[in-house]
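Please read the structure below before turning to the comments.
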Amino acid sequence: MPRTILEVKQKIEYLSILNDKAEVDKALEPKLTNEQLKHMYTYMLMARRADERFLNLQRQGRIGTFPQTTGHEAISMGASMALKKSDWHVPAYRELAGMLHRGWTLVDQLLLWAGYEQGQSPPNGVNDLPICVPIASQLLHAAGIGMAMNIKGDKHAVVTYLGDGATSEGDCHEAFNFAAVFKAPVVFVCNNNQWAISVPLSRQMGCETVAQKAIAYGMPGIRVDGNDVLAVYAAVHEAVERARAGGGPTLVECLTFRIVAHTTADDPKKYQKEETRKEWAAKEPLIRFAKYLRDKGILNDEVQKQIDAEIETTIRDAIAKMDEKIKTDELANPLYTFDYLYAEIPPFLQKQRDELAHYLGKDKESSSKQPNHAHAGSH
Amino acid sequence: MPRTILEVKQKIEYLSILNDKAEVDKALEPKLTNEQLKHMYTYMLMARRADERFLNLQRQGRIGTFPQTTGHEAISMGASMALKKSDWHVPAYRELAGMLHRGWTLVDQLLLWAGYEQGQSPPNGVNDLPICVPIASQLLHAAGIGMAMNIKGDKHAVVTYLGDGATSEGDCHEAFNFAAVFKAPVVFVCNNNQWAISVPLSRQMGCETVAQKAIAYGMPGIRVDGNDVLAVYAAVHEAVERARAGGGPTLVECLTFRIVAHTTADDPKKYQKEETRKEWAAKEPLIRFAKYLRDKGILNDEVQKQIDAEIETTIRDAIAKMDEKIKTDELANPLYTFDYLYAEIPPFLQKQRDELAHYLGKDKESSSKQPNHAHAGSH
Amino acid sequence: MAEMNMAKAINKALYEAMERDSRVVVLGEDVGQDEGVFRVTEGLWAKFGDKRVMDTPLAEAGIVGTSIGMAIYGLRPVCEIQFAGFDYFAYHQLESHAARFRNRTRGRLSVPMVMRAPSGGGIRALEHHSESREGTYAHTPGLKVVIPSGPRNARALLHAAIQDPDPVIYYEPKALYRLFKEEVPDEIEVMPLGQAKVVQEGKGITLISYGACMRATLEAAEMLEEEDGVKPEIIDLLSIVPLDMDTVCKSVQKTGRAVVISEEPRYCSVASEVSSQLNDTVFLYLEAPVRRVTGFDTPIPFFSKEKYYIPDAERVLMACRETLSF
Amino acid sequence: MAEMNMAKAINKALYEAMERDSRVVVLGEDVGQDEGVFRVTEGLWAKFGDKRVMDTPLAEAGIVGTSIGMAIYGLRPVCEIQFAGFDYFAYHQLESHAARFRNRTRGRLSVPMVMRAPSGGGIRALEHHSESREGTYAHTPGLKVVIPSGPRNARALLHAAIQDPDPVIYYEPKALYRLFKEEVPDEIEVMPLGQAKVVQEGKGITLISYGACMRATLEAAEMLEEEDGVKPEIIDLLSIVPLDMDTVCKSVQKTGRAVVISEEPRYCSVASEVSSQLNDTVFLYLEAPVRRVTGFDTPIPFFSKEKYYIPDAERVLMACRETLSF
Ligand SMILES: Cc1ncc(C[n+]2csc(CCOP(=O)(O)OP(=O)(O)O)c2C)c(N)n1
Ligand SMILES: Cc1ncc(C[n+]2csc(CCOP(=O)(O)OP(=O)(O)O)c2C)c(N)n1
Ligand SMILES: [Mg+2]
Ligand SMILES: [Mg+2]
């Protein structure tokens, strides 16, 4: 009868494989080929360089506000590497490296930040949702995709992302809970960068780790070093395997720190300590990963040069392609605003389209353009 | 570097004081006077009898659908007993016993179920919100009240209630989190009756207890026997004391079982096993509490008779009073529909009021009635 | 042909749709073993099982949000919100995602889902159980909104909604669930969305309504004919979005007068929209202002007073007379 | 008197209100040390401290729901939703509780709170950062809705909103934050809610608008006067609820023609409501249909195309000419 301790089943673990001195825990080192490791490095670096270049474009007014991803590359790179093409990938907005790996292009991203819906249109054959602006709301879509996989008996998995701030939203809770109740094959990857714009972790939650929130849903939870791409990969890989085998969702917390501004509109000097930022900047994922690759003989000055050149070309081409695309009728014509809302434009919208055409003196063009993408729903 | 277990600070406990054989754990027995214990018994029984009588009224069509509270009496009774008048009480809708203790009357409840807003108007001097229909939404109000107490430096506490189903709502999560982050003096009392209408606990959450959800918020969580009014009282009392002392919120899970229909519109035979219901019915809170009081010499046949008579009178008077009130202009006049929406009726609503008056042939009465309650905001 | 009430007709449509298309799944609170609090999902769980008929946790954003994911993955979710008064909990998912995915991705991803919810008053229910807020969804670009008025069109419209490639809000006027029966054909009927129905041809005035208010409208029309000798033209909108203003305008061009009847709060309502568009489109034909007979701009009162809020035949009749004698 | 932009004027009102009334508290995402993503809460945290200026967790329903609790307890919360496009997350709390507590409890409990949010387009922002959906709130009984159009009225209306005993939605047209400056008096001004302002007396046509669209409206009015010799009457609604239709109707009785300009989607919009009420109230004075110049019934496009969506002076002018030549 008296007071007793109730046993809680879930144990929360912490995982680190490649530490900030680039020392690797051999026992835990994941089985990735040299090819794969080089690919990961290249895409992480591409994301980093793109981030820097986008910032310039933003300062020049050629694109609008965007969220930087510098320092976060290990998270989406490690997580997305654990997926097959047939799995699904549901990003938030700091997953540039992972999105590039999944098949999105820098042109897509540039168009998005330049204010074109076309940048949100997933490339052919890519099972991804586009980035999501309303915080945590995409987590429910990921849960639903996972539930649908179960219903259809598909043995796929879904990886989706959230920030530490996102954990506060009701949608996050409902997504965790639906996934857990329906044993949906979803891996929730939390980028805990310890800030939600200016709000620090301690103002975001009363608990010490994001991982322990998994206990509230009866799902496994693990915290990993979010600057360690090997640890992220290993943890997500394990979770994906479990998910595919019917073991339901997992929460993977990736601990890192936002060493850049929240977006190009933000000034972290107002609320962040310079020294903490610097401390964490020293632990960022690329330095240690490069060293690891050099130690393994995968990377050397020569290879690095090649990669740099490749990236430079990719970025330059992407910017040129953006400029080109923006000029095409497809992107330039404001009348197409009306053409993708419904599968078929209803009469009342056609009237509004005509109204705009009339205003633009484009009455002749006012007939409706048919959306040129096939409809989804054929999986 | 390798995989390690992360220590989680919160330990989840289980508490039972008066078991279903009416055996009491002397070491844990709370310090309640005979007076108080009798009061608790009387109000629990009043809620029980009212429930039965309301059901008759509902079957006769004199009131509408309402949620029964039979079997849940220990929860709100135990919890509300832990409060002072100056504390706040924020019910869901199965807290009749506690509401009566706080100062609401059976007339209020009857008017509510008969379709009158007047039944939701807190009695003078009672720091309670009325019952809340949209599940879990009131938890945020409780959190806000607690935050306001902190802001004003008031050393009060708030008790609020939720069901097991309510734990799934985003609002529940946000309320737990706000309370935890702001260390609001709130006790979340969960009536885990294992059903949300027809949905069993296993479809509601992936974890084994509601109490362990506290870990996700870094707040203390405890599970108690929800049919044991002493355990509920003790757990909530401890939590209230901690809250007042600046220790923040607590989650108290009260484990019970819904041995009645969800509401008068529901038929549990469709989804519940008769035998489980019967097993739990044997453990309901009044039997054991009556036996405990008899063992203590507080209750005997004589006293029971007195209490029965008192309750009978109270219920009969309440029904008569409802019938009376319904006939007064205050309740009967449909024009007052417009008079309480804003502190002052704006011209556009006055026009709509006039429109209804005109339709009712009451044009002469169309001048606006001034709300006769003082405004709140004077705490 | 079989006679059935609206609850049964909706149930029939769900059953048929699930039988013919394995992508159709049903989810919501208490839709499974309990068969829905209004028994609208009767028999589905027994027939199609736990995978296709899912009782969900108690979370409306969760229900709608996961439905969006399922729809994107290729299913055709038909989710139920237990009462329309609780769909606000999911409004952000509808506005920000269901309504936008096709547009946001330039047609690459789409959300073919239906959100069903019993709406409206008239059944002596608790607070939040009697709301009519279709205006909110009509003001939300990217959704379709459908409200049936009887068993036969309820079934035919639900089939259309489920087959529609875009998200549809399907509000079920709960006061009509068991109010009357109609013959419903054996073979599946599909009514195109976006078409209003001229329920009665007439002269001198057009009554425009939908959903439960069609009852008061029809009743008022009878009284008007009997007592005043005016046989009004009557239009049942059926779809709120797309709104078939062609049919409405054609009628009012003929009659010159119009009364719009709906149960919602008046400000920025569907009635306001119809009135505004009539003014815009057939201005020169109007012989009297377009009258709106609607709920008031208060929450619908607790049930002892709801009858004063919901337009009844008398209120419609009064508006007709005022319009006719303008 | 001091010259300031609208962001500063709102900031000033917040500062003043907090200074004169200790019950006023400010909460929201990034309103504290960061001083708001638009710097509207500048200086407040430094001056009034962590208890009265609260950075909250990232949860809109949480922000609004706890504000309701605080208001009931006796505080005067002014909460900020970072962008209006995210207030849908809190819509159920506004609809089901903020708007209802007074009515539900027959005046016993009330919710004197303000929900501020930057709304509207025009700043090259990401998706969901440019929404104008005041129509949704106007369709929600029990709320008041205010939208200023310049520094001076922004400050005076915010004071009124904070002092109001009922919940007020205060939308800040973010395109105006830094667009222009105005003289703002030193002493506190309070403008009554529910009063529109005749910004310019004129003849032949009335232009009715509010918020950011006042800019296009004023510009169009100038062009109309210059190019067509018609000096329109111009009304700034300021309050959407209560809506001052007396002022609007009086003007249109005089001019006989009206154009309503707003940035929202058109269906069931504030523009629809104004048009519908004009038709209802001053029917016999109307010489042309009331034209609505609004956003379209699509989500506002990503920023490369937003300028085609947001009414500009040319579009207003075109509607004026069509109305004048009807
Ligand atoms: C529903 C919603 N509320 C507010 C915002 C504005 N906002 C954008 S990012 C952000 C902080 C997110 O923090 P976190 O989840 O930790 O992700 P991070 O940016 O740190 O990666 C906020 C408040 C939003 N986009 N959506
Ligand atoms: C937001 C919302 N969704 C749905 C409902 C309908 N509903 C009323 S009670 C209930 C079940 C509640 O279950 P639980 O929280 O366990 O409380 P219990 O009734 O068992 O005490 C549901 C689904 C509601 N009232 N509010
Ligand atoms: Mg973060
Ligand atoms: Mg329950």
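Naming convention: chains lettered A, B, ... in sequence-line order (proteins, then strands); numbering from 1 in each chain. All heavy atoms count here, side chains included; hydrogens, waters and symmetry mates do not.
Within the 4.5 Å cutoff, the side chain of C:His92 has no heavy atoms near those of the D:Glu60 side chain. Between D:Leu286 and C:Phe283, the closest side-chain pair of non-hydrogen atoms falls below 4.5 Å. D:His139 places none of its side-chain heavy atoms less than 4.5 Å from the side chain of C:His139.
Within a 6.0 Å sphere centred on NZ of C:Lys254, heavy atoms belonging to other residues, nucleotides or ligands number more than 12.
In this structure, D:Arg100 CZ and C:His128 NE2 are separated by 4.5 Å, a value rounded to the nearest 0.5 Å. In this structure, C:Asp87 CG and D:Glu95 CD are separated by 9.0 Å, a value rounded to the nearest 0.5 Å.
Contacts between C:Glu127 and chain D at a heavy-atom distance below 4.5 Å involve the side chain alone, from C-beta outward. Residue contact with chain C, scored on non-hydrogen atoms closer than 4.5 Å, is absent for D:Leu143. For D:Gln93, no part lies under 4.5 angstrom from a heavy atom of chain C.
Sorted by first then second residue, the ring pair (Phe, Tyr, Trp, His ring centres under 6.0 Å) pairs that include residues 242-262 of chain D, not counting sequence neighbours, number zero.
Using a 4.5 Å heavy-atom cut-off against chain C, the contacting residues of residues 259-273 of chain D are D:Glu264, D:Pro265, D:Arg266, D:Tyr267, D:Cys268, D:Ser269, D:Val270, D:Ser272, D:Glu273. Listed in order of number, the residues of residues 288-299 of chain C that approach chain D to under 4.5 Å between heavy atoms are C:Ala288, C:Pro289, C:Val290, C:Arg291, C:Arg292, C:Asp297, C:Thr298, C:Pro299. Annotation: residues 316-326 of chain D contacts chain C through D:Phe326 [non-hydrogen atoms, separation under 4.5 Å].
Among D:Pro301, D:Ser276, D:Ser275, the residue with the largest count of heavy-atom pairs under 4.5 Å with chain C is D:Ser276. Taking chain D as the reference chain and counting heavy-atom pairs below 4.5 Å, the highest number among C:Phe302, C:Tyr91, C:Phe86, C:Phe89 is found for C:Phe89. Comparing C:Leu94, C:Leu284, C:Asn103, C:Thr140 by how many heavy-atom pairs each has under 4.5 Å with chain D, the most go to C:Leu284.
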